[in-house]
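These notes concern the structure reproduced below.
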Amino acid sequence: MHKIAPNFSKKLIAWYIQNKRELPWRKTKNPYHIWLSEIILQQTRVAQGLPYFLKFIEAYPQVENLANAREDEVLKLWQGLGYYSRARNLHATAKMVCQEMNGVFPDNYKDLLKLKGVGDYTASAIASIAFNQPEAVVDGNVYRVLSRFFEINTPINTTAGQKEFKQLAQQLIDIDEPGTFNQAIMEFGARYCVPQNPDCNNCIFNDSCKAFQQKNVDHLPVKIKAKPIKKRFFNYLVVLSKNEHTMLQQRTGKGIWQQLYQFPLIETSEEVNLRSLTKHTQFQTFCKNLQIDTISLFNETPIVHKLSHQHLSTRFWIVETLEENENTIPISNVKDYAVPVLIADFVSEFFENY
DNA sequence: AACGCGGGGCT
DNA sequence: AGCCCAGCGTT
């Protein structure tokens with residue numbers, strides 16, 4: 001299908017040896033550490049994930065320590081990293097490995113793929129890096145490097161694209177050092193063959209990169225357009241009851257921030273003032289058992305919290321009550337709960353003295 | 001096959 | 001404002 005440049009893999013690995021970053025998970029073959037790093041790095045830059053990797057290794061030196069932790073504690077440690085299903089699957093897999101596999105990780109692609117939170121990419125990464133298996137990884141970097149070098153216009157976010165690139169990567173992999181090859185192609189994509197304004201004139205492949213020769217680098221890889229971003233309107237009720245207590249609720253069910261905590265939320269279809277807020281059924285239900293003293297608006301200008309797929313226009317309403325209420329916690333304990341960054345930012349500003 | 005899921009950095 | 005990031009699970 002594609003004509004393989006004979007020296008592609010060797011050149012890539014040579015570049016990697018010279019240019020790779022020293023990262024903690026590159027100094028070990030411990031499958032637990034490799035697995036942890038790969039879960040953290042899913043859709044996450046090294047710079048953002050690195051401190052979390054260090055925190056987790058310190059808190060849970062062995063997979064048994066992670067398996068024995070409470071889920072709330074794991075989520076708290078994951079706070080701020082996003083895609084929180086990763087943390088729940090991480091915890092579930094640690095338990096499974098300890099309870100059903102005697103604490104030993106699977107050592108091959110097929111069995112690794114059975115673990116929760118481990119898909120094609122991660123199974124290939126662990127198999128190749130920790131166990132030297134010739135399983136090619138295809139992540140965002142690999143799509144970019146290969147689509148450019150071979151000038152492949154197949155959209156990468158289609159089944160056909162995934163299949164084509166996986167097959168090509170599998171043909172290119174250096175079977176003598178598959179883990180090194182996989183890390184090399186990803187590192188090259190992350191550090192040199194970058195999405196915008198790559199330095200093609202000085203690239204080691206500028207004599208063989210088809211997209212460079214055709215002046216088509218800026219149009220690759222091809223990706224099908226994403227859906228437009230949805231706008232939502234959040235009104236958080238920050239209860240202040242006697243003795244410096246407040247109220248948190250855990251998010252359940254589908255949607256964003258599963259299992260994380262937040263203040264009681266009234267979602268509206270548009271921005272609302274106090275009058276319309278108090279007319280909402282949800283609001284009235286919530287206030288039924290509360291003796292409310294005053295309600296004041298913390299931020300007139302909504303805080304717009306941006307997620308990949310939705311923008312949350314948010315206002316915080318301060319609700320002071322006249323008594324001690326049920327289901328409240330000391331404000332000084334709020335810091336122990338896993339909360340979305342949107343809530344964490346508000347808490348650190350509003351409750352800074354607690 | 002399409003969709004939902006975070007937060008941050010860079011242009 | 002838009003794009004991307006060592007993707008995965010669900011529908």
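The sequence lines fix the lettering, A, B, ..., with proteins before strands; numbering per chain opens at 1. Remember, predicted model here, so these are calculated numbers, not experimental data.
- You won't find any donor-acceptor pair under 3.5 Å spanning the side chain of S308(A) and the base of dG4(B), going by distance alone.
- Among residues two or more places apart in sequence or in another chain, the side-chain hydrogen bond (donor to acceptor under 3.5 Å, both in side chains) test is passed with E323(A) by N325(A).
- With I39(A) as reference, L90(A) is the one residue of I34(A), L90(A), N89(A) to meet the side chain to side chain contact (heavy atoms under 4.5 Å, CB included) rule.
- In the displayed structure, K116(A) atom NZ is contacted under 6.0 Å by at most 12 heavy atoms of other residues, nucleotides or ligands.
- Listed by residue number, the members of residues 252-259 of chain A with any heavy atom below 4.0 angstrom from DNA chain B are G255(A), I256(A), W257(A).
- In this structure, Q284(A) places its CD atom where more than 12 heavy-atom neighbours from other residues, nucleotides or ligands lie under 6.0 Å away.
- Around CD of Q310(A), the count of heavy atoms belonging to other residues, nucleotides or ligands within 6.0 Å exceeds 12.
- Surrounding CD of E267(A) are more than 12 heavy atoms belonging to other residues, nucleotides or ligands, all under 6.0 Å away.
- In this entry the distance linking CD1 of I343(A) with C1' of dG6(B) reads 14 Å, nearest Å.
- Between Y143(A) and F165(A), the ring planes are perpendicular. Angles over 60° get that label, and only those under 30° would be called parallel.
- The side-chain hydrogen bond (donor to acceptor under 3.5 Å, both in side chains) test applied to H280(A) returns no partner, not counting sequence neighbours.
- Hydrophobic cluster of I224(A): no remaining members, since no ILVMFWY side chain lies below 4.5 Å from it.
- Note on H305(A): a side-chain N or O is less than 4.0 Å away from OP1 or OP2 of dG7(B).
- Taking the six-membered ring where the residue is Trp, the centroids of F346(A) and F298(A) are separated by under 6.0 Å.
- Contacts of residues 216-234 of chain A with DNA chain C (heavy atom under 4.0 Å): K223(A), K225(A).
- For the pair T158(A) and R86(A), both in contact range of DNA chain B, the more 5′-proximal nearest nucleotide belongs to T158(A).
- Contact check of residues 73-85 of chain A against DNA chain B (heavy atom, cut-off under 4.0 Å) returns G80(A), L81(A), G82(A), Y83(A), Y84(A).
- Side-chain nitrogen and oxygen atoms of H309(A) include at least one within less than 4.0 Å of the OP1 or OP2 phosphate oxygen of dC5(B).
- Q258(A) and R88(A) share a side-chain donor-acceptor pair at under 3.5 Å.
- Within a heavy-atom distance below 4.0 Å of DNA chain B, no residue of residues 117-129 of chain A is found.
- Residues satisfying the side-chain hydrogen bond (donor to acceptor under 3.5 Å, both in side chains) criterion with Y84(A), sequence neighbours excluded, are absent altogether.
- Counting non-hydrogen atoms under 4.0 angstrom, R88(A) reaches nothing in the nucleic acid.
- Spacing of C1' atoms, dA6(C) relative to dC3(B), comes out at 22 Å, to the nearest Å.
- If N197(A) and V341(A) are placed on DNA chain B by their nearest nucleotide, the residue sitting closer to the 5' end is V341(A).
- DNA chain B is contacted by Q43(A), T44(A), R45(A), Q48(A) of residues 43-55 of chain A, taking any non-hydrogen atom closer than 4.0 Å.
- A salt bridge does not link E100(A) with K95(A): none of the charged nitrogens is closer than 4.0 Å to a carboxylate oxygen.
- The span of DNA chain C lying next to chain A, judged by atoms under 4.0 Å from heavy atoms, is bounded 5' to 3' by dA1(C) to dT11(C).
- Separating the P atom of dG8(B) from that of dC8(C) is a span of 22 Å, rounded to the nearest Å.
- Look at NE2 on H311(A): it is 14 Å from P on dG8(B), rounded to the nearest Å.
- Enclosure of atom CG in N102(A) is not indicated, since only 12 or fewer non-hydrogen atoms of other residues, nucleotides or ligands lie within 6.0 angstrom.
- Of the two residues near DNA chain C, L113(A) and S37(A), the one whose nearest nucleotide lies more 5' is S37(A).
- For the residue pair E38(A)/Y121(A), the side-chain donor-acceptor check at 3.5 Å is satisfied.
- The aromatic ring centroids of F350(A) and F316(A) lie 6.0 Å or more from each other.
- When the side-chain hydrogen bond (donor to acceptor under 3.5 Å, both in side chains) test is applied to D336(A), no partner is found at least two apart in sequence or on another chain.
- A donor-acceptor contact shorter than 3.5 Å links the side chain of T246(A) to the backbone of V239(A).
- Aromatic ring centroids of Y16(A) and F181(A) lie 6.0 Å or more apart.
- Straight-line distance from the CD1 atom of I303(A) to the P atom of dG6(B): 19 Å, rounded to whole Å.
- Residue Q196(A) contributes atom CD, which lies 16 Å from atom P of dG9(B) at whole-angstrom precision.
- Contacts between residues 134-143 of chain A and DNA chain C, defined by a heavy-atom separation below 4.0 Å, involve D139(A), G140(A), N141(A), listed by number.
- Ring geometry, Y236(A) versus F234(A): the interplanar angle exceeds 60°, so the pair is classed perpendicular (tilted spans 30 to 60°).
- With no hydrogens or angles considered, a side-chain donor-acceptor pair links D120(A) and Y109(A) at under 3.5 Å.
- Within a 6.0 Å sphere centred on NZ of K163(A), heavy atoms belonging to other residues, nucleotides or ligands number 12 at most.
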